[in-house]
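Sharing a structure below in structure tokens format, with a few things to ask.
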Protein chains: 2
Amino acid sequence: MARELLEALDQAGVRLTGPRRELAALIARRQGHFTAADLLADAERRRLGIGRATIFRLLELLADQNLVERVDLPDGRHAYVPCEPSHHHHLVCVSCGAISEVDDCGIDAVTAEAARRSGFEIQSHRLELFGRCPNCKSAESHQ
Amino acid sequence: MARELLEALDQAGVRLTGPRRELAALIARRQGHFTAADLLADAERRRLGIGRATIFRLLELLADQNLVERVDLPDGRHAYVPCEPSHHHHLVCVSCGAISEVDDCGIDAVTAEAARRSGFEIQSHRLELFGRCPNCKSAESHQ
DNA sequence: TCACAGTTGAGACTAAGTCTCAATACCTTG
DNA sequence: CAAGGTATTGAGACTTAGTCTCAACTGTGA
Ligand SMILES: [Zn+2]
Ligand SMILES: [Zn+2]
Ligand SMILES: [Zn+2]
Ligand SMILES: [Zn+2]
């Protein structure tokens, strides 16, 4: 998975530097969503000596390439989710942070209808679904 | 509109203080979305002497009562939109900031389908649509 | 191997948001 | 229309998120 990120960055014509390789590995081993602060903490824990700016810069690069998507958590924090470059949405587990992807099962019809009613020309949209994943659901009922 | 906010706050059992009345008026006269910083600037411009904390506290209160909704702008800023307490979504004009409301024309079917496929129990969702409002669209084509 | 443009980390800086605390102002009760 | 208890307030310190600059460094293509 780290490899895919790096290949895509290479395609995009940026340099494959040491810090970028290390960060790609850190992102690859994360489960679910993570914040810039999480990555920073990972890097510090491993004494990689990667600066804060470098992390924000890479996240921006990855987001530009749609290799990572920005998710706004219900508590207002900004998080990221590594994901396929195709358009889709995320289900976020509020208790363990697990992520599941949803392809557009009907959302396009919703936006088209909204555009028709409002007269807006819709350029982009963001749909985030929050809830509990199957694991957390059953964990709670077994307790 | 300021009156409605104040009445709802009264219902909620909080005190109707001077700063809250003034802020309600400021919010009422805003068009479209606004950030905490916008409100703060409004208050300073009028020399109301309202502290930063008071503004964040009121926004949180209003959000709890669903009198105002948090919107995450595409550029990552957090904004607020005054709105009806019923569930609905917003169309945000990226060029002038105008807001239009959309009631759930089909989104519930989308979330239900996503829940079925993923096994998640969906607790909440957030849908934001970004684009250009009719005014801005025609302004551009007439230029 | 070389040169140069892209990238880096440090750290200053700005902006966003939270917290504490003593002073104040609602509002209920008498 | 007091008076008193409590919710609320502003100031400002503090924390966290994110940006910017710049000199030093390092991929990369020639
Ligand atoms: Zn979509
Ligand atoms: Zn979970
Ligand atoms: Zn609304
Ligand atoms: Zn507009």
Side-chain angles (χ1 to χ4, degrees), chain A residues 2-3 5-27 33-65 68-80, chain B residues 5-27 33-65 67-68 70-80:
Chain A
R3 179 137 317 169
L5 288 180
L6 292 172
E7 271 169 23
L9 284 178
D10 197 18
Q11 289 305 322
V14 302
R15 292 191 184 166
L16 262 32
T17 64
R20 285 180 180 161
R21 291 173 200 277
E22 294 169 326
L23 286 174
L26 291 183
I27 290 175
H33 58 70
F34 59 89
T35 63
D38 290 334
L39 264 193
L40 191 50
D42 286 355
E44 280 174 356
R45 203 172 306 119
R46 298 176 180 236
R47 309 274 146 85
L48 297 178
I50 295 179
R52 193 199 346 284
T54 300
I55 290 180
F56 283 99
R57 288 188 282 231
L58 180 63
L59 287 173
E60 191 180 349
L61 252 183
L62 294 175
D64 287 348
Q65 307 297 319
V68 126
E69 191 173 314
R70 239 186 141 132
V71 174
D72 292 293
L73 267 19
D75 65 8
R77 273 152 52 216
H78 292 153
Y80 295 84
Chain B
L5 288 180
L6 292 172
E7 270 169 23
L9 284 178
D10 196 19
Q11 289 304 322
V14 303
R15 292 189 185 168
L16 262 33
T17 64
R20 286 180 179 161
R21 292 172 200 278
E22 294 169 328
L23 286 175
L26 290 182
I27 290 174
H33 58 72
F34 59 90
T35 63
D38 290 334
L39 262 193
L40 191 50
D42 286 356
E44 280 174 356
R45 203 171 308 120
R46 298 176 180 236
R47 309 274 144 84
L48 296 178
I50 295 179
R52 192 200 346 283
T54 300
I55 290 180
F56 283 98
R57 288 187 282 232
L58 180 63
L59 287 172
E60 191 181 350
L61 252 182
L62 294 176
D64 287 348
Q65 306 298 319
L67 297 168
V68 128
R70 238 186 140 132
V71 174
D72 292 293
L73 267 20
D75 66 8
R77 274 152 53 217
H78 292 152
Y80 295 85

- side chain to side chain contact (heavy atoms under 4.5 Å, CB included) assessment of B/L5 paired with B/V68: CA-CA 9 Å; B/L5 288 180; B/V68 128; 5.5 Å; no

- Item | Between D/dA7 (P) and B/L9 (CG): distance, integer Å | 16 Å

- Item | Minimal non-hydrogen separation, A/L16 against A/R21, with atom names | O-NH2, 3.2 Å

- Note on the structure: For B/H78 and B/D72 the tightest heavy-atom approach is CD2-OD1, 2.6 Å

- Query: Can you give one letter per nucleotide of nucleotides 19-30 of chain D, 5' to 3': B if a protein heavy atom sits under 4.0 Å from the base, S if only from the sugar-phosphate, - if neither?
  - Reply: BBB----BBS--

- Item | Smallest separation among heavy atoms of A/T54 and A/P19, with atom names |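 Smallest interatomic distance, heavy atoms only, reads CG2-CB, 4.2 Å.
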
- Task: To the nearest Å, give me how far apart CG (B/L58) and P (D/dT9) are.
- Result: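 Those two atoms, CG and P, are 8 Å apart.
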
- Query: What is the nucleic acid contact for B/G76, judged by heavy atoms within less than 4.0 Å: base, sugar-phosphate only, or nothing?
  - Reply: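 Here B/G76 touches no strand at all.
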
- Query: Roughly how many Å is it from CG in B/L6 to P in C/dC27, rounded to a whole number?
  - Reply: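 After rounding, the reported distance stands at 11 Å.
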
- Message: Give me the atom names and distance for the closest heavy-atom approach of A/A36 to A/I55.
- Response: O-CG2, 4.2 Å

- Task: Round to the nearest Å and state the distance from A/Y80 atom OH to D/dA17 atom P.
- Result: 12 Å

- Message: Output the rounded distance in Å from CD1 (A/I50) to C1' (C/dT8).
- Response: 10 Å

- Item | Rounded distance in Å - CG (B/L59) to P (C/dG17) | 10 Å

- Message: To check you understand the geometry: which heavy-atom pair defines the closest contact between B/I50 and B/A43, and what is its length?
- Response: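 So the minimum-distance heavy-atom pair works out to CB-CB, 4.5 Å.
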
- May I have the distance from A/D75 (atom CG) to C/dT18 (atom P), rounded to whole angstrom?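 Roughly 10 Å, once rounded to whole Å.
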
- Query: In terms of the nearest nucleotide of DNA chain C, which residue is placed more toward the 5' end: B/R77 or A/L48?
  - Reply: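 Checking each residue's closest nucleotide, the 5'-ward one belongs to A/L48.
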
- Message: How many whole angstroms separate atom CZ of B/R20 from atom P of D/dG10?
- Response: 10 Å

